[in-house]
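It should be emphasised that the depicted structure is a prediction, and the values quoted were computed from it without experimental measurement.
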Amino acid sequence: MMLKFARFGIVALCGGCLLSACTTTRLSNTPANAARKPTQLERINGHHGKSAREVDRNIGSNLTGNGGYIENARTWQFKYAQLVDVPVEEVMSNEKLYDFIEQWWGTPYHMGGKDKTGIDCSGFVSTLLATVYQQYTTGTAAQLYQQTSRISSKANLQQGDLVFFRIYKKHVSHVGYYLDNDKFVHASTSGGVMISDLNEPYWKKYYAGGGRL
């Protein structure tokens with residue numbers, strides 16, 4: 001009788017071990033079967049072509065409930081991390097630049113303007129360089145183009161380079177400040193101060209090249 005009981009106990013113990021092993025295996029397989037996490041840029045729903053204020057509203061709604069993702073990051077820092085598709089830590093470590101962009105975000109375009117009531121593309125770039133880097137430049141987009149050394153390929157662009165466009169005529173007529181991942185900040189005639197992508201069909205069509213001061 002005791003022998004049967006011992007055999008029963010051994011079988012039960014083995015069964016318990018097998019059950020535990022299966023449970024552990026299923027748990028360890030879960031991450032492998034999980035869906036791919038979206039990139040930061042993919043979390044923005046339909047921001048392409050929208051005004052700066054519309055982007056703010058859209059991103060703000062996407063961040064609702066996610067404020068604890070990184071405790072010290074502010075909402076606007078998440079916004080630029082998403083728009084430029086970089087880690088929010090990168091925005092936080094480059095706060096002076098992105099804080100400047102945030103302060104000017106949505107400022108309307110005005111030819112010859114130099115303040116927050118309205119500013120043009122070259123005025124915005126010159127103000128950014130002077131405020132953030134104490135680097136002083138003047139002139140139109142075409143004149144800034146002449147002041148830079150040419151960058152042969154988009155792949156060689158770095159943060160701080162200028163990007164130029166020929167929109168209305170054969171000469172350079174628009175300039176922006178390059179950020180990262182083909183994104184640049186500029187004063188657009190249609191949307192004011194905003195971030196655009198060099199790969200968007202419009203900007204790709206008129207892209208004249210990059211320059212480094």
Side-chain angles (χ1 to χ4, degrees), residues 39-41 43-44 46-63 67 69-70 72-138 141 144 148 154 157-165 174-200 202-203 207 210-213:
T39 65
Q40 291 173 320
L41 189 60
R43 296 190 189 105
I44 307 173
H47 77 275
H48 173 74
K50 294 187 176 182
S51 69
R53 289 185 179 180
E54 289 174 312
V55 171
D56 277 344
R57 287 196 296 270
N58 195 30
I59 293 177
S61 63
N62 287 342
L63 289 176
Y69 177 59
I70 292 182
N72 296 326
R74 287 170 279 181
T75 300
W76 64 264
Q77 291 172 324
F78 280 103
K79 176 176 75 175
Y80 294 112
Q82 291 184 342
L83 285 172
V84 185
D85 198 15
V86 295
V88 70
E89 295 92 336
E90 186 172 322
V91 175
M92 295 169 71
S93 65
N94 204 356
E95 184 171 0
K96 191 171 184 179
L97 169 63
Y98 285 101
D99 181 61
F100 173 88
I101 296 172
E102 173 66 7
Q103 290 179 31
W104 285 82
W105 186 254
T107 297
Y109 180 92
H110 180 71
M111 177 66 75
K114 295 185 180 298
D115 57 37
K116 291 179 182 177
T117 63
I119 196 165
D120 63 18
C121 62
S122 59
F124 174 74
V125 166
S126 295
T127 303
L128 184 156
L129 292 173
T131 305
V132 179
Y133 302 109
Q134 290 74 53
Q135 186 174 7
Y136 300 97
T137 60
T138 58
L144 288 175
T148 62
K154 286 182 184 178
L157 288 170
Q158 300 174 6
Q159 184 181 102
D161 291 336
L162 304 184
V163 286
F164 297 93
F165 305 87
H174 191 68
V175 60
Y177 176 93
Y178 186 79
L179 295 170
D180 203 348
N181 295 323
D182 293 328
K183 309 301 189 299
F184 65 101
V185 62
H186 62 129
S188 164
T189 55
S190 59
V193 174
M194 62 189 300
I195 290 174
S196 298
D197 192 317
L198 290 174
N199 296 312
E200 293 173 16
Y202 181 85
W203 299 113
Y207 182 67
R212 188 166 297 158
L213 290 167

Identify, with sequence neighbours excluded, every residue that meets salt bridge (Lys or Arg N to Asp or Glu O under 4.0 Å) alongside D99. none
I'd like to check the salt bridge (Lys or Arg N to Asp or Glu O under 4.0 Å) partners of E90; sequence neighbours left out, ordered by chain and number. none
So T148 and D161, do their side chains get closer than 4.5 Å, heavy atoms only? no
With heavy-atom distances below 4.5 Å as the criterion, would you say the side chains of Y177 and I101 are in contact?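 Not touching, per the 4.5 Å side-chain cut-off.
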Look at the side chain of D120 and the backbone N and O of G112, then say whether any donor-acceptor pair between them is shorter than 3.5 Å. yes
If we ignore hydrogens and angles and just use 3.5 Å, is the side chain of N181 paired with the main-chain N or O of D85 as donor and acceptor?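 Looks like yes, one N/O pair under 3.5 Å.
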Starting at [atom1] of [X], measure out to [atom2] of [Y] and round the result to the nearest 0.5 Å.
X	Y	atom1	atom2	result
L162	T137	CG	OG1	7.5 Å
L129	F100	CG	CZ	8.5 Å
E200	K183	CD	NZ	8.5 Å
N72	E89	CG	CD	11.0 Å
Q159	N94	CD	CG	4.5 Å
E102	Q77	CD	CD	9.5 Å

What residues form a side-chain contact (heavy atoms from CB on, under 4.5 Å) with [X], not counting sequence neighbours?
X	answer
A187	Y109, I119, F124, V193
K114	none
D182	Y178, D197, L198, N199
D115	T117

What are the two closest non-hydrogen atoms of P108 and K116, and how far apart are they? CD-O, 4.2 Å
Which pair of heavy atoms, one from A81 and one from P87, lies closest together, and at what distance? CB-C, 4.2 Å
Candidate list Y202, W203, Y207, test ring pair (Phe, Tyr, Trp, His ring centres under 6.0 Å), partner H174, passing option: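 Looking at Y202, W203, Y207, the match for H174 under the ring pair (Phe, Tyr, Trp, His ring centres under 6.0 Å) is W203.
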Test side chain to side chain contact (heavy atoms under 4.5 Å, CB included) on Y80 and V86 and set out the steps. CA-CA 8 Å; Y80 294 112; V86 295; over 6 Å; no
Mind telling me whether F184 and H186 have parallel, tilted or perpendicular rings, with 30° and 60° as the class edges? tilted
Step by step, work out the side chain to side chain contact (heavy atoms under 4.5 Å, CB included) result for L144 and F164. CA-CA 9 Å; L144 288 175; F164 297 93; 4.0 Å; yes
Set out, in order, the CA-CA distance, both residues' side-chain angles and the distance that settles side chain to side chain contact (heavy atoms under 4.5 Å, CB included) for Y98 and M92, then state yes or no. CA-CA 8 Å; Y98 285 101; M92 295 169 71; over 6 Å; no
Step-by-step side chain to side chain contact (heavy atoms under 4.5 Å, CB included) determination, V185 to L128: CA-CA 10 Å; V185 62; L128 184 156; 4.2 Å; yes
